[in-house]
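Working notes, structure below.
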Amino acid sequence: MDKSFSPHAIEQRIYAAWEAQRAFAPRGHGQPFCIVIPPPNVTGTLHMGHAFQDTIMDALTRYHRMRGFDTLWQPGTDHAGIATQMVVERQLNAAGKSRLELGRTAFVERVWQWKEESGGVISRQMRRLGASVDWSRERFTMDEGLSRAVIDVFVRLYREGLVYRGKRLVNWDPVLKTALSDLEVAAQEEPGHLWHIRYPLTDGGGALTVATTRPETLLGDAAVAVHPDDERYRALIGRKLRLPLTEREIPIIADAYVDPAFGSGCVKITPAHDFNDYEVGQRHGLPLINIFTPEAALNEAAPPAYRGLDRFEARKRVLADLETSGLLEKTEDHKLTVPRGDRTGAVLEPLLTDQWFVKIQPLADPAIRAVEDGRIRFIPEQWSKVYFDWMRNIKDWCISRQLWWGHRIPAWYDEAGKHYVGLDEADARRVHGLPADLPLRQDEDVLDTWFSSALWPFSTLGWPADTLELRTFYPTSVLVTGFDIIFFWVARMIMLGLKFAGDVPFREVYVHGLIRDHDGQKMSKSKGNVIDPLDIVDGISLADLLAKRTTGLMQPQMGPAIEKATRKQFPEGIAAFGTDALRLTFASLATQSRDLRFDMARVDSYRNFCNKLWNAARFVLMNVEGANLTEDGAQYSLADRWIGAQCNAMLARVAQGFAEYRLDAVVNALYEFIWNDYCDWYVELAKAVLNAPGATGDAGEPEPANAPGQPAPSALPGVSEAAHRGTRLTLVRTLETALRALHPIAPFVTEELWQRVAPAAGRAEPEAGASIMQAPFPQSAAVDADSVRDMRWVMDFILGVRQIRGEMDIAPARKLDVLLQNANAEDRRRLAEHGLYLTRLAGVHPPRLLEQGENAPIAAIALVGELQVLVPMAGLIDPAAELTRLAKRRSRADGDLKKISGKLGNTEFLANAPPEVVAKDQARAAELRTEIAQLDRQCARVEALRAQ
RNA sequence: GCGCGCUUAGCUCAGCGGUAGAGCAUCACCUUGACAUGGUGGGGGUCAGUGGUUCGAUCCCACUAGCGCGCACCA
């Protein structure tokens, strides 16, 4: 075995072996456990958030698989309509071509090509991350089967009246020239202006002043509204205004929507270009005057002078013209929220167009109930509130997109523009009784990608066919997702799952936080702070990292700043940490926090942890190879029993952590057990046994003869051949158990080590080729409390001596003489039974009990309960230093005692606190008093020595 | 405006009605035969502030301050 762990030497080989064994497929029996992956964009790449999420899902999947569940982690990708179309269009533009030139068929073909080219990236990344998804079941939202499910759902909803077509005001992206759903609008506060404009009354009696942030829309005004109770304007209601820059007359109307306190109390009403105004217009029967083209330039409805101008150009022109005609009263600075497309960043325009909608209320109601009555549980619970808030105020969902890449809407139009919906054209004709020769053309639009994603938990399992997978794995067990897509995806899956698959799509929704960079910033290409998870696995040079972060920027002027920040944070690039270290880091971040800062130092510590584990295994294998490991008659020492107890406690914590989706707790339990308990203590204790002279005649360090009447270490139990066997068995079995427990989080290093350790532990035949991922997950058993108590004594003894050594600067190699004073029967028993550990781990000669009446020499002192451990100072210890040390101990004990005495002196405390709490404090107080008394005595003695 | 979250060691974060924890960083000693990606020991916190509930509050409640997020917005 290598002296240190090198991840890249094993990871890809191991993953390939798993795949070759088809180890990720459901086993076909046992209780089902299923997670569907939140499908990433097929042409994208995995970012840190994906890697984090995949780590969680893989850990859950491997954990359940090992526990004997029939486990399916369903992989796949979605077609990401807008994002993908944008990418391919950009490619075309770069080549001097356009989508329109190419035509729809050729363009879509081109997108498919791009999908084929780039679609493998994600699956390669997932493989490198160790994801145990069932690749044989990989799905894509545009697959034939899933497409069929999409069309099926659309048609069924349509036939039930839950999908309808209508001319409505929708959020329009003038760059993409498509409608968007409400959710795809990112409202952003931006500085702007409030322009006050005079609208003259037609009958000459002055003017009303309206305030607007969008003066160009006045060309589409249909009225000016005032509040019905506003005394200032009451008399004017019903009179007419001459709309500036146009020849039109518009009425003054009264509507309670108007806030009399804002601006002048008069509002221009533009029903075709503002959602609120649209409502007002509906109430008052106002005309809808659409003045914009799909590109958001002014159309024929505008006066000739403005036609063809872009909206922002038009704004300038309108303002200039108003100024000229003296109608612009004033201009104020004003902050306003601007709706922008979340993909393009373009200012969105409310635009009147024909679109398809899902009538959502009938779907939302059962979906709300499913969470209310606990059929679906959010973890953490608080997210259900967010879900309810949105669901209870839900609006109809605009599902049509004016794109080419996606599921084309299964509706056909005759020449009169009447639509017919069907599974395909023939179905539409049949259902609607249309003659075969009636010319029909299919709707040009495609469906929102989220419409197909909403079906993911059942469409991937074969729906609408009644498949075995669907029956086995639906409802799925848990959905693992970020809170940013609760509305987009989670809510819609619940609605459509209940509607079409007859049950909730998942029992639990585990909502995790978002991975941010070291400074708490969201990672994004434009900020230049993204990290490719594989660059942490494999490492990357500074030059390559800089290149990755600064090429292809939308805003190239950001380049130098990004370069500077990157050089500062990663002066030497990123080291290769391996997948396991990265996964351990991700798991340790899986707290309940919403924002998770990614800290490279954590990865470093988990890389070290993997190396620690590696070396522990190396040690164990060195010690068990060729050794007799038969169990019969093996004797188990205190340390053997103790590590078993610790292991059981760890397994209980791990099980609880998984049950609560607290992978940070899982990692902590494993880390602490493996490093602190197993490596720092148990392995050292085992060395004490294995290196002691034993019945097998193992080479052991000869211990000096002990004082008469004292038990000699070589005569202690724990060094017989049977005890050696017990220790070797415990070493290897505990390690083997720990490997299985760690496997869901750190799959590679555990597999590699398990292949060598398991046979020695009697777990697997060397030739069987079994994988740790199919071994049973270790179950916790009762903890042996006696062993924990005795071990506590041993540890306190050792720690006490080490502390003296550390604080007195005594070289570790120097063996110390130790005398024991005030030992009770229990101390004597423990010394007799476990003395071997003390000599080795504390670096002392066998401790000698002071005879009755024997004078103790001046010594540094460590307290183990009542027992005093004396390290004679002669020639070793500086009295002044010892006094300092003692004073420090004393003041600490004194502080503690004061606190506890205060409590115990309080009669209310004695009367009200639970008896066990009082008893515990009393015991603690007694302990502290003893300790202080001993320290005082010791101080006095050292003082006396110094005074001599 | 409505809703939610956060504030604990220098940094990143756990925690919890009953003696404040981890990793990293830091200081001292140690090339000990699994591991210097290591070992041993040490230092470091009025748990944001105020008030309340309680025998007891870092933890529960209220308010305040600061930071952040979501939703909805007055043109």
Side-chain angles (χ1 to χ4, degrees), chain A residues 1 3-5 182 187 194-195 210-214 217 225 257-259 261-270 274-277 334 336-337 380 382-383 385-386 389-390 393 483-484 486-487 514 518 520 575 577 581 585 588-589 591-602 604-623 662 664-665 668 671-672 676 679-680 683-684 687 691 799 802-813 843 885 888 895-897 899-900 902-903 906-914 916-918 920-921 924 928:
Chain A
M1 259 178 104
K3 208 173 160 185
S4 59
F5 171 51
D182 299 344
L194 196 57
W195 287 279
V210 301
T212 182
T213 54
R214 304 203 52 198
T217 63
Y257 154 71
V258 180
D259 174 6
F262 187 91
S264 62
C266 303
V267 185
K268 64 192 272 308
I269 301 296
T270 322
D274 182 282
F275 290 101
N276 288 310
D277 293 7
H334 183 73
L336 69 160
T337 38
Q382 73 215 24
W383 291 110
K385 228 171 154 173
V386 175
D389 277 353
W390 189 71
N393 299 300
F483 57 80
D484 52 334
I486 289 178
F487 308 144
L514 261 36
H518 185 265
F577 293 104
T585 307
S588 76
L589 286 173
T591 65
Q592 300 222 350
S593 265
R594 286 201 307 203
D595 299 319
L596 311 170
R597 294 194 194 203
F598 191 86
D599 183 357
M600 209 59 78
R602 294 288 290 275
D604 202 44
S605 77
Y606 287 115
R607 191 254 327 247
N608 295 351
F609 172 71
C610 291
N611 187 58
K612 187 77 179 174
L613 179 65
W614 179 267
N615 275 288
R618 203 161 82 99
F619 169 80
V620 170
L621 291 171
M622 281 165 56
N623 276 279
R662 288 299 302 269
D664 61 319
N668 284 341
Y671 185 98
E672 285 165 18
N676 303 345
C679 292
D680 283 352
V683 165
E684 296 305 319
K687 285 177 188 170
N691 294 342
L799 290 170
R802 280 181 182 172
Q803 195 195 32
I804 291 171
R805 188 192 292 278
E807 293 201 18
M808 295 302 122
D809 264 352
I810 300 167
R885 190 182 74 91
K888 202 163 66 187
D896 287 354
L897 180 61
K899 254 194 274 178
I900 291 177
K903 278 167 80 175
N906 182 347
T907 51
E908 299 276 4
F909 173 70
L910 297 175
N912 292 305
E916 63 272 19
V917 170
V918 176
K920 203 175 148 196
D921 277 349
R924 175 73 184 142
L928 285 167

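So that the names make sense, note that chain A is the first sequence line, chain B the second, and so on, each numbered from 1.
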Shortest side-chain distance from [X], nucleotide among [options]:
X: A/Asn615; options: B/A75, B/A34, B/C11; result: B/A34
X: A/Arg597; options: B/C13, B/G33, B/C29; result: B/C13
X: A/Asp680; options: B/C35, B/U19, B/G39; result: B/G39
X: A/Lys888; options: B/G42, B/A14, B/G23; result: B/G42
X: A/Thr591; options: B/C13, B/U12, B/A20; result: B/C13
X: A/Asn608; options: B/A20, B/G39, B/U37; result: B/U37
X: A/Lys920; options: B/G39, B/U37, B/U19; result: B/U19

Roughly, in whole Å, what's the span from [atom1] in [X] to [atom2] in [N]?
X: A/Ile810; N: B/G41; atom1: CD1; atom2: P; value: 14 Å
X: A/Phe609; N: B/C35; atom1: CZ; atom2: C1'; value: 13 Å
X: A/Lys385; N: B/C2; atom1: NZ; atom2: C1'; value: 11 Å

Between A/Leu799 and A/Gly265, which has a closest nucleotide on RNA chain B that is more 5'?
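First, find each residue's nearest nucleotide; the 5'-ward one identifies A/Leu799.
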Using the [atom1] atoms only, state how far [M] lies from [N], rounded to an integer number of Å.
N: B/C16; M: B/G56; atom1: P; result: 22 Å
N: B/G39; M: B/C24; atom1: P; result: 9 Å
N: B/G15; M: B/G1; atom1: C1'; result: 35 Å
N: B/G17; M: B/A36; atom1: P; result: 42 Å

The contact string for nucleotides 55-63 of chain B, one letter per nucleotide 5' to 3', using protein heavy atoms under 4.0 Å with B, S and - for base, sugar-phosphate only and none, comes out as B--------
For nucleotides 66-72 of chain B, read 5' to 3', which letter fits each nucleotide if B means a protein heavy atom sits under 4.0 Å from the base, S means only the sugar-phosphate is that close, and - means neither?
--BSSS-
Below 4.0 Å: OP1/OP2 of B/G15 and any side-chain N or O of A/Arg662
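So the side-chain polar atoms of A/Arg662 do come within 4.0 Å of the phosphate oxygens OP1 or OP2 of B/G15, strictly under.
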Pick base, sugar-phosphate or nothing for A/Thr907, based on heavy-atom distances below 4.0 Å to the nucleic acid.
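Nothing: the residue A/Thr907, judged by heavy atoms under 4.0 Å, touches no strand.
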Below 3.5 Å, does any donor atom in the side chain of A/Lys687 face an acceptor in the base of B/A34, or the other way round?
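Result: at least one qualifying N/O pair found.
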